[in-house]
Amino acid sequence: MRIYNSLTGKKELFYPIHNDYVGIYVCGPTVYNHLHLGNCRTFILFDVVFRYFQHLGYKVRYVRNITDVGHLENNNGQSEDDKINKRSKIEGLEPMEIVQKYTISFHNILNTLNLLPPNIEPTATGHIIEQIDMVKDLINKKLAYEVNGSVYFNVRKYNKNYSYGILSRNNFHQLINKNLNFLEDKYYYQDFSIWKKVNPNHIMGWNSPWGKGIPGWHTECTVMSTKYLGKNFDIHGGGIDLKFPHHECEIAQAKSFYTTEKNSSNNLANYWMHTNMLTLDGKKMSKSKGNFIELRNLFLIRKKNDCFPNIIRFFVLQSHYRSILNFSEKSLLDAEKGFKKIFLSLNIINDACQNRFTKKNNNETSSSFDTSKWIHSCYQAINDDFNTPLLISLLFKVSNIVTDANEIEKISDIFLLKKYINHFFFEILGFKKEDNQTNVSKEKLKKLEILVNRLIQFRKEEREKKNWFISDKIRKELYNIGISLHDKSINK
RNA sequence: GGCACUGUGGCCGAAUGGAAAGGCAGAGGUCUGCAAAACCUUUUAUAGCGGUUCGAUUCCGCUCAGUGCCUCCA
């Protein structure tokens, strides 16, 4: 299996640190707002990564954090505000109420999209002590300094022994942006906060050797990833917009904290994976720029369409995770058609297997379709840096063959095909088999089903009488509530 | 200004130093009371200019266009 490693800019063969085990850390959300479609792209991709490693038989530990404190926002160099604290003022809720509200929303959305939960989902507030320990250590190593109750990482000093910018390929000296002011407390523009002083009456704040404060965002990820995966682990993932500064700073802290020898090759994770941006009208989907689509709104609009979460997943996986993906209504419609086409052919295969089981297949001529070769191609696709679009195109190939009734009869190893296409579609790509999210009781559903069947039967009778007005009206009404009827010739 | 990435038909989107996947849309057809669906057939593409090469869409250089990051971001 090959993975594109952002550290080297190349596709590399994947070797886990420990045989049979894979450790993955993905930067989760800061829970101060509802998720938008762009956020989900990353989580959907890593859901596939997680599923695929498990499919291959690895024991995977997948860690995805929740940032519930410490994500600072720079206010034009005047001050730094915690995002959640800021939001709590806007909504008139306690910070932890904000955290609770948006954590629940986050879980609901990912659950609807059929994402597997990570093995560990640590929160920043649950790891304050560890973060304080790391800050202390960095001060002892003279790689961080305290000013007015806040602590900053000394990037210039770090850069003398290590190289700051190895991940983002930034040159330390060229990082200065003259247009931007920076906090006066900092020695250098490039330095970043690892501990931030807060007002003593502030509800979100912890006692530390430097007074009451909150930990910095970058520190949190270094602490939690290494706590649960070790000081060197396999895969670290996140959106490409986190590459700099967030991931660069994570590496800087980890190297400072864990390495004893200079020029150690430990870059926190061996493979860094970055998902590209989802755009709207060619521009990055982003909250601060105001162009974004919230998933909960999409779900509300498409309530009638019960396979909508699958369509979102299909839309996302139909492009490669390292390319920019543009969102449009049309692309969703395309995805819907594509998804349904493959879904339909899965049913055909399953039916065909049923028939084979009852009737013995005596067909002598064999199909030109080579199932073993096809399976091999599918693995090749996903093994090549998770090339899901290529894998999906292979599913379409089967779909085209299977819809030909003569051709499907000839496929000798149909049971093998059934097994693997189900593996790829449900187990690896993670599509949901059926949406049984209704709260309606089974009793009620049964009654409804009888009613609809009666109506269809009634329409059939009217059709046979050539009473087109009635039958067309029923067809239209049923279509409006999401039941579409496809008529065949009445002569047959 | 610095760093990085991208450019494939009408649209989306793979692959590749040696006849350019797949999907959507379009066109034609089968079917049909009509509609829809389904199925079959089918047109159209490597941004531009150079270089390396027997051969470049692929590698290299330049130009043009777009995107991301440069301390809020998945």
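Here is how names work: the chains are called A, B, and so on, in the same order as the sequence lines, proteins then strands, and each is numbered from 1. All values reported here derive from a predicted model rather than from experimental measurement.
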Exercise for the section: Look at the side chain of A:Asn467 against the base of B:rG33 and say whether a donor-acceptor pair falls under 3.5 Å; ignore hydrogens and angles. Expected result: no
Exercise for the section: Could you check whether A:Lys476 gets within reach of a base, just the sugar-phosphate, or nothing at all, counting any heavy atom under 4.0 Å? Expected result: nothing
List, with names and distances, any nitrogen or oxygen atoms from the protein found under 3.5 Å away from nitrogen or oxygen atoms belonging to nucleotides 38-43 of chain B.
none

Exercise for the section: Could you tell me whether A:Gly282 contacts a base, only the sugar-phosphate backbone, or nothing, with contacts defined as non-hydrogen atoms closer than 4.0 Å? Expected result: sugar-phosphate
Problem - Centroid under 5.5 Å and tilt under 30°, A:Phe396 to B:rG23 - result: no
Fill in the blank from the handout: Per atom distances to the A:Arg459 side chain, the nearest of B:rA74, B:rA4, B:rG33 is B:rG33
Practice task
Provide the Watson-Crick or G-U wobble partner of B:rU41, both distances under 3.5 Å; none if there is no partner.
Solution key: B:rA27
Problem - Short side-chain N/O contact from A:Lys289 to OP1 or OP2 of B:rC72, under 4.0 Å - result: no
Exercise for the section: Classify the nucleic acid contact of A:Ser328 as base, sugar-phosphate or nothing, counting any heavy atom under 4.0 Å across all strands shown. Expected result: nothing
Exercise for the section: For atom NZ of A:Lys11, decide whether the heavy atoms of other residues, nucleotides or ligands shown that lie under 6.0 angstrom number more than 12. Expected result: yes
Practice task
Would you classify A:Gly38 as touching base, sugar-phosphate or nothing, given that sugar-phosphate means primed atoms plus P, OP1 and OP2, and contacts are heavy atoms under 4.0 Å?
Solution key: base
Exercise for the section: Select base, sugar-phosphate, or nothing to describe what A:Phe192 touches, counting heavy atoms under 4.0 Å on all strands. Expected result: base
Exercise for the section: Quick one: label A:Arg322 by what it contacts on the DNA or RNA (base, sugar-phosphate, nothing), any heavy atom closer than 4.0 Å. Expected result: nothing
Practice task
Classify the nucleic acid contact of A:His71 as base, sugar-phosphate or nothing, counting any heavy atom under 4.0 Å across all strands shown.
Solution key: sugar-phosphate
Practice task
Please work out which of the three classes, parallel, tilted or perpendicular, describes the rings of A:Tyr52 and A:Tyr379, given edges at 30° and 60°.
Solution key: tilted
Practice task
Write down the distance separating the C1' atoms in B:rA47 and B:rC64, rounded off to the nearest Å.
Solution key: 8 Å
Exercise for the section: Report yes if a donor N or O on one partner sits less than 3.5 Å from an acceptor N or O on the other, where the partners are the side chain of A:Arg475 and the base of B:rC34; otherwise report no. Expected result: yes
Practice task
Output all residues satisfying salt bridge (charged side-chain N to carboxylate O under 4.0 Å, His left out) with A:Lys287, sequence neighbours left out; order by chain, then residue number.
Solution key: none
Exercise for the section: Determine the contact category for A:Lys284: base if any of its heavy atoms lies under 4.0 Å from a base atom, sugar-phosphate if only primed atoms, P, OP1 or OP2 are that close, otherwise nothing. Expected result: base
Practice task
Assess A:Arg64 against A:Phe46: is NZ or CZ under 6.0 Å from the centre of the six-membered ring, and within 45 degrees of the ring's axis?
Solution key: no
Practice task
Kindly determine whether A:Trp374 and A:Phe369 satisfy side-chain contact (heavy atoms from CB on, under 4.5 Å), including the steps that lead there.
Solution key: CA-CA 8 Å; A:Trp374 177 83; A:Phe369 181 79; 3.5 Å; yes
Problem - Salt-bridge present (A:Lys340, A:Glu336; N to O < 4.0 Å) - result: yes
Handout entry: Pairwise P distance for B:rA4 and B:rU57, with rounding to whole Å
Key = 26 Å
Practice task
Please state the C1' separation for the pair B:rG68 and B:rA15 - nearest whole angstrom.
Solution key: 25 Å
Problem - Under 3.5 Å: donor-acceptor pair, side chain of A:His320, backbone of A:Asp385 - result: yes
Handout entry: Atom C1', compared across B:rA21 and B:rG9: separation rounded to whole Å
Key = 14 Å
Exercise for the section: With a 3.5 angstrom cut-off on both distances, give the Watson-Crick or G-U wobble partner of B:rA35, or none if there isn't one. Expected result: none
Exercise for the section: Please check if the side chain of A:Asp47 supplies one atom and the backbone of A:Leu115 the other of a donor-acceptor pair under 3.5 Å. Expected result: no
Handout entry: Per-nucleotide protein contact string for nucleotides 11-19 of chain B (B base, S sugar-phosphate only, - none; heavy atom under 4.0 Å)
Key = --SSS----
Practice task
Quick one: label A:Leu394 by what it contacts on the DNA or RNA (base, sugar-phosphate, nothing), any heavy atom closer than 4.0 Å.
Solution key: nothing
